[in-house]
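Taking it in order: structure first as structure tokens, then the write-up.
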Protein chains: 2
Amino acid sequence: MKWSELDENWCPVARTLTLVGDRWTLLILRDCFLGCSKFEEFAANTGATRHIISSRLKRLVDAGILERKAYSQRPKRHEYLLTEKGKEFAPALITLRDWGKKHLPVRRSATASAAKE
Amino acid sequence: MKWSELDENWCPVARTLTLVGDRWTLLILRDCFLGCSKFEEFAANTGATRHIISSRLKRLVDAGILERKAYSQRPKRHEYLLTEKGKEFAPALITLRDWGKKHLPVRRSATASAAKE
DNA sequence: ATAAACAGGTTCCATTTTGGAACTTTACCA
DNA sequence: TGGTAAAGTTCCAAAATGGAACCTGTTTAT
């Protein structure tokens, strides 16, 4: 089954995932909640390639989760801001964060990790 | 940046996504919460290929989110059950579901959708 | 006894999607 | 005149995916 065919799925989880069900999209949204709004910020903070950032921002804007707004006219510059719909996604990120904090603790720095297991 | 390099990330969201940050893994977990436990059930319900199901179940078992248990000896058969760690992931799926229900309503059957917008 | 059926996978290959780096455009700065 | 910056786009090789076929051990139907 193609991923795109999920968007009319009976399951609301499946439909949600057509939009945000990939590695980088959720990291971009995380950045949004942390205050990022510029293309370069997303590229730097997520670690995804510019190619990916570009495609994901497009999808998020098309879905009405982010809004693309000019913040400078003369050197045409845009930023990406969370819409209401986007802001309401916060609980999902919070639950992912909390689960990660509890179940996936960071191991101490590589140099200090004598035994890898 | 490679996806695998995220697993030691400072951000708990990023670490969580190394495990479940892909299309099909979250659908498999959804199925688990709906009572599925067999390979064939996941394949049928998610729509993912057997190849994908196989690799995702492996990852979930390795991560301690699912447990692989024999439910029959003579024809060796296994099922996949949520561990405590896995069960605690429920809130994440619930928030994704709720967001989807609110913001991504299903359009009525294709034949009835006169105007697409 | 033979054949088909079933669960749970694995293998193969063509198509897509990525990762990574370079390049483009428009404008400001020195 | 040259350099920097933001926001993308383009290109290509490598990796992941979709789809279908195949494999293995056991049971059931003929």
Side-chain angles (χ1 to χ4, degrees), chain A residues 1-9 14 17-29 31-32 35-62 66-82, chain B residues 1-9 14 17-28 31-32 35-63 66-82:
Chain A
M1 185 193 283
K2 294 266 183 58
W3 187 237
S4 55
E5 292 169 35
L6 278 175
D7 68 345
E8 289 297 318
N9 201 285
L17 294 177
T18 58
L19 259 35
V20 301
D22 87 279
R23 304 154 153 59
W24 307 117
T25 302
L26 286 164
L27 289 185
I28 288 176
L29 286 176
D31 283 357
C32 289
C36 295
S37 65
K38 314 249 176 61
F39 189 99
E40 300 297 330
E41 291 177 311
F42 297 128
N45 289 329
T46 63
T49 63
R50 325 172 62 63
H51 192 112
I52 300 289
I53 300 293
S54 177
S55 73
R56 297 310 190 272
L57 287 177
K58 243 166 223 146
R59 180 152 76 210
L60 289 169
V61 169
D62 284 351
L66 296 182
E67 178 190 10
R68 187 168 181 269
K69 280 183 74 168
Y71 68 89
S72 153
Q73 283 307 325
R74 296 298 14 265
K76 266 278 188 183
R77 295 281 183 269
H78 299 90
E79 66 184 334
Y80 295 86
L81 304 172
L82 286 164
Chain B
M1 186 193 283
K2 293 266 184 56
W3 188 236
S4 56
E5 291 169 36
L6 277 175
D7 69 345
E8 288 297 319
N9 201 286
L17 294 177
T18 58
L19 260 34
V20 301
D22 87 277
R23 305 157 151 58
W24 308 114
T25 302
L26 287 164
L27 288 186
I28 288 177
D31 282 357
C32 290
C36 294
S37 65
K38 316 251 177 58
F39 189 97
E40 300 295 332
E41 293 177 310
F42 297 128
N45 288 329
T46 63
T49 64
R50 324 170 64 66
H51 192 110
I52 300 288
I53 299 294
S54 177
S55 73
R56 297 311 190 275
L57 286 176
K58 243 168 223 146
R59 180 153 76 210
L60 289 169
V61 169
D62 285 351
L66 296 183
E67 180 191 10
R68 186 167 181 272
K69 280 185 75 169
Y71 68 90
S72 153
Q73 283 308 324
R74 296 296 12 264
K76 267 277 189 184
R77 296 281 183 267
H78 299 90
E79 65 184 333
Y80 297 86
L81 303 173
L82 286 164

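Chain letters run A, B, ... following the sequence lines, proteins first, then strands; residues in each count from 1.
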Counting any heavy atom closer than 4.0 Å, what does A/Phe42 reach on the DNA or RNA strands: base, sugar-phosphate only, or nothing?
nothing

Picking from B/Asp31, B/Thr46, B/Val20, what satisfies side chain to side chain contact (heavy atoms under 4.5 Å, CB included) with B/Leu26?
B/Val20

I want to check one thing: is the phosphate of D/dT17, taken as OP1 and OP2, less than 4.0 Å away from some side-chain N or O of B/Trp24?
no

Whole-Å gap separating C1' (D/dA7) and CD1 (A/Ile28):
14 Å

Which is true for A/Arg50 with a 4.0 Å heavy-atom rule: it touches a base, it touches only sugar-phosphate, or it touches nothing?
base

Answer yes or no: does a side-chain N or O of B/Tyr71 lie under 4.0 Å from OP1 or OP2 of C/dG8?
yes

What is the distance, to the nearest angstrom, from the CD1 atom on A/Ile52 to the P atom on D/dT9?
13 Å

Interatomic distance, A/Leu66 atom CG to A/Tyr80 atom OH [nearest 0.5 angstrom]
9.0 Å

Phosphate OP1/OP2 of D/dT9 contacted by A/Ser54 side-chain N/O (<4.0 Å)
yes

Send over the distance from B/Asn45 CG to C/dG8 P, rounded to a whole Å.
13 Å

What is the distance, to the nearest angstrom, from the CD1 atom on B/Ile53 to the P atom on D/dA20?
15 Å

Restricting to non-hydrogen atoms, name the atom on A/Ala43 and the atom on A/Arg50 that form the minimum distance, rounded to 0.1 Å.
CB-NH1, 4.3 Å

Rounded distance (Å) that lies between atom P of C/dA27 and atom NZ of A/Lys76:
10 Å

Rounded distance (Å) that lies between atom P of D/dG8 and atom NZ of A/Lys58:
8 Å

The residue, B/Ser55 or A/Glu40, whose nearest nucleotide of DNA chain D is more 5′ is A/Glu40

Separation between NE2 (A/His78) and OG (A/Ser37), nearest 0.5 Å, reads 12.5 Å

Nearest-nucleotide wise, let me know which of B/Phe39 and A/Arg74 is further upstream toward the 5' end of DNA chain C.
B/Phe39

5' priority, DNA chain C, between A/Ala48 and B/His78 [closest heavy atom]:
B/His78

Figure out the CZ/P separation between A/Arg23 and C/dT18, and round it to whole Å.
8 Å

Evaluate B/Ile52 against B/Arg23 for side-chain contact (heavy atoms from CB on, under 4.5 Å), listing each step before the verdict.
CA-CA 10 Å; B/Ile52 300 288; B/Arg23 305 157 151 58; over 6 Å; no

Taking the side chain of A/Arg56 as heavy atoms from C-beta outward, which of C/dT18, D/dG8, C/dG9 is closest to it?
C/dT18

Is the phosphate of C/dG9, meaning OP1 or OP2, less than 4.0 Å from a side-chain N or O of B/Arg68?
yes

Scan A/His51 against the nucleic acid and name what it touches under 4.0 Å (heavy atoms): base, sugar-phosphate only, or nothing.
base

From the candidates D/dG25, C/dA22, C/dT18, the one with an atom nearest any side-chain atom of B/Arg77 is D/dG25

note: B/Glu79, atom CD; C/dA7, atom C1'; distance rounded to Å ~ 13 Å

